[in-house]
Every structure is written in C-alpha cells, then in structure tokens.
Protein chains: 2
Amino acid sequence: MSSEVTEPGTGPAGAAPTLSEVAKRAGVSSITVSRVVRMPDLVAPETRARVEQAMRDLGYIPNLVAGALASARTNSVGVLVPTIANSIFADTVQGLSDKLEPLGFSVILAQSRYDAAREDRMLAALLSRRPEAIIMVGSPATEEGSRLLRNARIPIVETWDLPANPIDAVAGFDNYKAGVAVAKHLVAQGRKHLAFIGGDDPRGTRRWFGFRDEALASGRAEPRRLILDRKDSGSVAAHARLPDVDAVFAANDAHAIGFMSGLRKAGLLRDGPASAQPVAVIGLGDLEMGQLISPTLSTISVHGDAIGRTAATLTLERGGERRIDLGFELVLRDSG
Amino acid sequence: MSSEVTEPGTGPAGAAPTLSEVAKRAGVSSITVSRVVRMPDLVAPETRARVEQAMRDLGYIPNLVAGALASARTNSVGVLVPTIANSIFADTVQGLSDKLEPLGFSVILAQSRYDAAREDRMLAALLSRRPEAIIMVGSPATEEGSRLLRNARIPIVETWDLPANPIDAVAGFDNYKAGVAVAKHLVAQGRKHLAFIGGDDPRGTRRWFGFRDEALASGRAEPRRLILDRKDSGSVAAHARLPDVDAVFAANDAHAIGFMSGLRKAGLLRDGPASAQPVAVIGLGDLEMGQLISPTLSTISVHGDAIGRTAATLTLERGGERRIDLGFELVLRDSG
DNA sequence: TTGTTCTATGTTAGCGCTAACATGGTGCGA
DNA sequence: TCGCACCATGTTAGCGCTAACATAGAACAA
C-alpha cells in the first residue's frame with residue numbers, strides 16, 4: 001500500500017486525475033465540471049459534452065472524500081452488527097444496503113462480535129468517518145456507546161428489538177412477546193417441561209424472560225435455560241443436559257436444528273407432525289433451511305430484510321413514526 | 001438528514017468540535033492535537049494530558065474525512081460481494097473485517113447481486129471513496145469494471161476463484177478441480193447417471209465444467225445440468241426434473257439440502273451411509289448445517305473465512321506471492 | 001564557550017472539492 | 001430603449017486536517 005513501489009495495473013501513470021485537470025482539458029472552470037457530475041441540467045449541452053469527453057479521456061473518478069469534506073455530506077451510513085457470518089443479520093444488511101445503494105449511499109460495515117469494548121471502538125471508528133446515520137443491531141452495550149451516539153446528532157436506528165428508551169429510531173420486534181408466544185403455544189399443545197436454549201445476548205435474554213414468565217403464568221415449573229455459545233454444534237449435545245424436557249425453544253434456528261440433530265441421535269425425533277414429537281422444538285429466524293429438513297422446523301419468523309429496509313427508510317426520513325414494530329409470526333410446521 | 005430541524009440526541013449544541021477548537025482549549029497548536037491523536041509518543045506527557053482533557057471536555061471525535069484528504073490515506077477497503085444474505089460470502093466478509101478492523105481500516109461494503117451493470121456502478125462508487133484496496137468475490141464481469149480496477153493503482157484482490165489473468169492478487173481455490181474431485185468420487189462410488197444443479201455464475205459454471213469433463217473422461221454420459229436461481233426452494237423440485245439420476249453435485253450446500261428435501265419426499269433418502277443412498281448428493285461450502293441434518297451432507301469444504309483473512313493480508317502486503325490457492329476438501333459424510 | 005544533537009512544539013501551505021456569491025450575456029415586455 | 005429576469009459560467013474562500021519544514025530550548029561533548 002506504499003506508493004514508492006510500482007503500482008499494479010496498466011493505467012495511466014501518475015496520480016488520479018482531479019476535477020481541475022478535467023476542467024483545464026475541457027477549457028472550463030472546475031465548478032462547471034463539478035456541476036456536470038452533480039447537476040448536469042445546469043450545464044449547457046455542448047459544454048457538458050466537452051466536459052464528459054474530458055472526463056472519459058482522463059479516466060476521471062470523482063473524489064468523494066474531498067467532496068464530502070467540502071459539502072459536509074459523506075453519503076455514507078455506518079452499520080454495526082454483532083456478526084455477519086452465519087447470521088440472520090446478513091439479511092438486514094442486505095435489505096438496508098439494497099435500499100441505500102441506489103440512492104448513492106455507501107455502507108460502512110463494522111462488527112462488534114458481541115464484545116462491548118469492541119462495540120464502543122467500532123462506534124467511535126464509524127463516527128469518525130462522519131456517516132449521515134448509524135444503523136445497529138440492538139442497542140449500545142455501554143453508557144459510553146450510548147453517549148457517543150446521542151452526541152453524534154445524526155439519525156440512529158436501533159434494530160431487532162424495541163428498546164424502552166431508544167436513542168432515536170427503532171425498527172424491530174418484541175423479543176419478549178416472541179418468548180411469550182412460543183410458551184403459550186407449547187403449553188396449549190400440552191407440553192409440561194419446557195426449556196430454553198440459546199445465547200445470553202440482550203435479545204436472547206429478552207426472549208427467555210417472555211418464555212419463562214408465560215410458562216410460569218400457565219402453571220408450569222420454571223423452564224430450564226441452557227446458555228450456549230455461538231456455535232450450532234453446542235446445541236447438538238444439549239439434549240443430554242435437558243433430561244425429561246418435552247419442549248424446547250431455541251433462541252435461533254441454527255440452535256434449533258442442532259438440537260434436533262441431538263434428538264435424532266437419541267431416537268427422539270419423528271418424521272410425523274408436531275403431535276408425534278416426543279420433544280417439541282421451536283426455533284427463531286425462519287431460515288429457509290428449516291423448511292427443507294425433516295421434520296420441518298416450527299419457528300418464529302422474523303423479517304430480517306424488512307428490518308433492514310425499514311431502518312434505511314428511517315435513516316432517510318426525519319418526520320413520521322420513529323418506532324416501527326415489524327412483528328413476528330409463529331410458523332407451525334412439524335417440529336413442534 | 002437535513003440540518004435545519006432539531007437533531008436527535010442530547011449532546012452539546014452546534015457542530016462537532018474540531019481539532020483547532022480542542023487546540024485552543026488546551027492552549028496548543030492544532031498540530032499538537034493531531035499528534036496526540038496519531039503519535040502520542042511525540043508529545044510531552046503534561047501537554048498530552050492537557051490535550052486529552054480538552055478532547056474529553058468537548059467530546060472530540062477526529063474527522064477522518066478531513067484527515068484522509070490531507071494525508072491521502074483513507075484507511076478503508078472496498079469490498080464487493082454478489083450478495084451477503086444466506087451466503088457463504090458472509091464468512092469471507094467476516095474474516096477480512098476481523099483482520100482489517102483492528103488495524104484501523106474500515107470496510108465499505110457493496111453488493112452486485114450478480115448484476116454486471118450494478119457491479120460496475122458499485123465499483124465506481126467504491127473507487128470514488130478512494131479505498132486503499134478492493135477485495136471482491138470473483139472477477140469483474142465487464143471490460144469496463146476490469147479497466148476501472150486496473151486504473152485504480154491500488155491492490156485488488158479477487159477471491160473465490162483462481163482467474164487466469166488476475167488484475168493483481170488472488171485468494172481462492174480451483175472451482176474446476178472441485179468439480180473434477182466430485183465427479184471422480186461419484187464415479188469411483190459406482191454412480192452411473194450424474195447431474196449438476198446450481199447457478200450459472202462464473203464460479204458455478206467452472207465447477208460444472210470440471211464435473212462434466214471428468215464424468216466424460218470416466219466414460220459416463222454427459223451429466224445433466226439444471227440451472228437454478230438463487231433460492232434454495234427451487235432445488236426441492238429439482239428431482240422431478242432429473243429422473244434416473246443416481247448422483248448429484250449441487251453447486252452449494254443450500255441447493256444440496258433443498259434437493260435432499262425433494263428426495264425425501266420421493267422416498268429416495270435413507271438415514272444410512274452413502275452406499276445406501278439411491279441418489280448420492282454432494283454439496284459445496286460445508287455449512288455447519290450439513291452436519292446436523294440426516295443423512296449428514298457430503299460436501300466440498302471451502303474455507304470462506306480463510307479466503308477473507310488471506311485477502312486482507314494480500315491487501316496489506318506488497319511483496320510475496322500474490323496468488324494464493326486455499327484449496328478445498330472433499331468431506332465425505334452420509335449423503336453421497 | 002561553541003557547536004551539535006535532541007526533544008517538543010509551531011508555521012505554512014495545500015489535499016480536491018463545493019457553497020455562496022458574482023458576472024456577463026440574452027431575451028423580452030413595456 | 002431601458003430595465004429586469006434568467007441562464008450559463010466563473011471567482012473566492014474554506015471544509016478539517018496533515019506533511020514538510022521551521023524553531024526554540026535543553027543537554028552535552030569538546
């Protein structure tokens with residue numbers, strides 16, 4: 001990345017051409033070139049053609065860094081997710097980026113890896129690039145992160161949850177209610193011994209609380225809660241640690257499918273409908289995969305891409321509702 | 001995003017504080033503040049403490065846009081992927097971002113959605129932000145894209161393939177050989193009627209060619225090739241369109257699992273080992289999911305995150321090997 | 001003492017672009 | 001014919017920072 005060495009590529013020698021080089025070549029002033037790039041309608045057709053020719057000749061690529069400094073608009077949005085691999089958050093990133101890219105916004109992506117310190121560092125790093133908005137999964141884990149965002153004076157969208165005191169805008173669903181819905185369903189199905197498996201991140205924990213509260217309210221014993229790390233594989237062995245359980249809510253589909261794999265090994269999985277399952281399993285996320293396995297996975301369906309698109313919209317608009325609940329659906333298939 | 005309206009947040013009023021405001025408050029010149037931020041060792045401890053206090057008081061966040069313009073270093077890397085949702089490319093993005101973020105680089109993410117025109121637009125958009133390198137999945141689809149990258153005079157890393165005439169650096173594996181390896185295995189297993197399902201993107205097509213060539217070389221009839229769009233679900237019905245086939249190579253695990261789901265409905269899937277399967281299925285990608293389903297999925301394992309990490313390294317280093325073959329492994333489990 | 005070498009800090013200029021404000025024509029109604 | 005609006009283009013200044021080059025004082029050897 002040093003510049004003393006010969007650079008790759010066979011392009012024109014020397015530094016990238018600038019606005020004023022284009023201007024000189026076209027015999028106009030730089031502002032005219034700038035207008036051709038940004039407001040072509042303001043430039044006379046012949047002048048425009050001459051400038052466009054000069055841009056082509058030189059292989060001019062506008063420098064948005066300089067443009068951003070001069071105009072105080074970066075046309076970029078910072079996006080912070082816990083993780084992007086094997087994750088439903090990828091849907092959200094895809095959704096928001098599909099919405100923002102056509103408008104000329106770039107997505108600056110950062111991962112916190114569920115680490116509060118890293119999250120704060122990434123927030124500071126994002127803000128130092130002066131994005132015009134920040135979209136994040138969840139809410140800042142620390143006071144410091146929260147302060148950074150509040151002071152940033154740009155739209156902030158928290159997603160995948162409905163925080164009580166949002167910094168600014170929200171696009172998500174009620175994780176607590178999702179837990180309630182699952183418990184309600186399992187109880188109605190006559191399940192007696194409930195358990196919850198998943199991470200202990202804020203959203204997972206909120207699901208757990210809803211699940212537990214509803215189970216207790218229905219006269220069941222307090223469900224067991226197994227905290228797993230972020231690898232599906234941990235869930236395979238989970239069954240051994242949950243004897244006598246006849247219904248499991250997994251905080252995400254990957255854990256659910258892993259758990260079912262453990263059940264299969266234990267001979268506790270049927271290819272029949274939910275009523276035939278010795279142990280009911282409900283996931284969350286509605287991965288396409290869930291419909292392809294056998295038995296098909298019952299799950300809480302969440303619209304990850306809609307969350308992303310909505311977050312993008314909230315980023316662009318100032319007025320209107322700033323708290324959007326995209327809800328969820330309990331999709332019943334064969335696993336529970 | 002307009003600034004006339006009251007901004008959200010409860011932070012200090014007015015615009016974000018600048019270097020020189022911090023300098024004034026600390027009673028030093030701006031360059032000293034700049035040094036405290038970037039090379040603290042050059043500043044006397046007392047001065048540094050005073051400056052740091054001033055930064056805290058004002059809630060100063062460095063403006064990297066201005067810094068980038070002045071220093072001609074943006075500390076950012078452009079990343080272009082076909083798609084990020086439900087995709088193994090997410091592993092690659094995660095890998096490279098894990099490597100780059102600690103070094104102070106930001107990832108600017110763009111998606112082409114397998115659309116050549118959009119790819120060119122995204123490349124131009126990325127370049128206009130003056131990233132210090134570009135990492136992309138595959139190679140530019142058009143001459144124009146190729147030209148843009150060659151003229152950019154920054155490191156370019158093409159991934160997930162081993163192009164014959166790379167623009168600069170490469171981190172990938174041989175998709176053709178992957179197809180060969182699968183065909184070889186299926187033939188050795190005594191399979192007679194081979195088929196390939198998957199997309200017709202460049203890498204999928206390369207896998208197909210390897211698969212077909214090896215099948216023909218082994219005396220099999222030309223395998224059938226079914227081109228599916230990017231939804232797993234298409235693969236469920238694929239079996240109906242491939243009667244008499246006894247071995248299938250799916251260009252990715254999602255398609256493989258979908259196809260197996262179709263087989264199950266047709267009563268052509270056993271819980272036993274590969275030798276018991278009426279139809280062998282091999283995927284590509286080695287999703288964790290593949291080990292959790294039954295029968296477990298045989299697949300070509302590709303190290304998506306290693307590709308990302310390697311690409312990041314190639315981005316940072318100038319010397320050394322610029323073409324890295326990360327290989328693949330045929331992982332045999334129960335599906336074929 | 002004098003010159004030399006550090007160390008800590010400052011001054012100047014400019015990165016490439018855009019906002020805001022000219023300017024100089026042209027057309028046209030009164 | 002004047003005055004005014006309007007269109008196309010230009011001039012000026014500056015966004016917030018950093019590179020490169022001062023400078024001033026302290027430490028120290030000869």
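Reminder, nothing fancy here: chain letters follow the sequence lines and each chain counts from 1. Computed from a predicted structure; not experimentally measured.
- Scanning all heavy atoms of the two residues, the minimum distance from A:E321 to A:R323 falls at OE2-N, 3.2 Å.
- Rounded to a whole Å, the CG atom of B:L19 is 14 Å from the C1' atom of C:dG10.
- Contact check, A:Y60 against C:dG16: no side-chain N or O comes under 4.0 Å of OP1 or OP2.
- In this structure, the CG atom of A:L42 is 9 Å from the C1' atom of D:dA8, given to the nearest Å.
- For A:L69, whose side chain is taken as the heavy atoms from C-beta onward, the closest listed nucleotide among D:dA8, D:dG16, C:dT18 is D:dG16.
- Here A:S30 lies out of heavy-atom contact (under 4.0 Å) with every strand.
- Distance from the side chain of B:A44 is smallest to C:dA8 among D:dG16, C:dC17, C:dA8.
- Scanning all heavy atoms of the two residues, the minimum distance from A:T159 to A:V137 falls at OG1-CA, 3.3 Å.
- The CG atom of A:D41 sits 13 Å away from the P atom of D:dT9 (whole-angstrom rounding).
- Residue contacts shown for B:V65 are absent, as no nucleic acid heavy atom lies under 4.0 Å away.
- Look at B:T32 and you won't find any side-chain N or O under 4.0 angstrom from OP1 or OP2 of C:dA8.
- In this model, the phosphate group of C:dC17 is not approached by any side-chain N or O of A:S71 to a distance below 4.0 Å at OP1 or OP2.
- Distance A:N75 CG to C:dC17 P: 15 Å, rounded to the nearest Å.
- Using a 4.0 Å heavy-atom criterion, one finds that A:A72 contacts no nucleic acid atom at all.
- Atom CZ of A:R48 and atom P of D:dA8 are 10 Å apart (whole Å).
- Side-chain atoms of A:N63 lie closest to C:dC17 of the nucleotides C:dC15, C:dC17, C:dA8.
- No side-chain donor from either of A:E132 and A:S76 sits under 3.5 Å from a side-chain acceptor of the other.
- In this structure, of D:dT9, C:dT18, C:dG10, it is C:dG10 that holds the atom nearest to the side chain of B:V28.
- Here the options are B:R118, B:Q111, B:R113, the test is side-chain hydrogen bond (donor to acceptor under 3.5 Å, both in side chains), and the partner is A:E101; only B:R118 passes.
- Here the closest non-hydrogen pair linking B:E119 and B:A141 is OE2-N, 2.6 Å.
- If you check C:dT9, D:dA8, C:dC17 against the side chain of B:T47, the one that comes closest is C:dT9.
- Side chain A:R130 to base D:dG16: no donor-acceptor pair is found below 3.5 Å.
- Here the shortest heavy-atom pairing between A:L149 and A:P140 reads CD1-CG, 3.6 Å.
- The interatomic distance linking B:I61 (CD1) with D:dC17 (P) rounds to 11 Å, in whole Å.
- Checking B:V43 against B:A70, the closest nucleotide of DNA chain C that is more toward the 5' end is the one next to B:V43.
- Base contact: A:S29 has a heavy atom under 4.0 Å from a base atom.
- Between A:R38 and C:dA19 there is a side-chain N or O to OP1 or OP2 distance below 4.0 Å.
- Summarising the geometry, the separation between CD1 on B:I31 and C1' on D:dA19 is reported as 8 Å, rounded to the nearest angstrom.
- Taking atom CE of B:M39 as the reference point, atom C1' of D:dA20 lies 11 Å away to the nearest angstrom.
- Nearest nucleotide to the side chain of A:R35, out of D:dT9, C:dG16, C:dG10: D:dT9.
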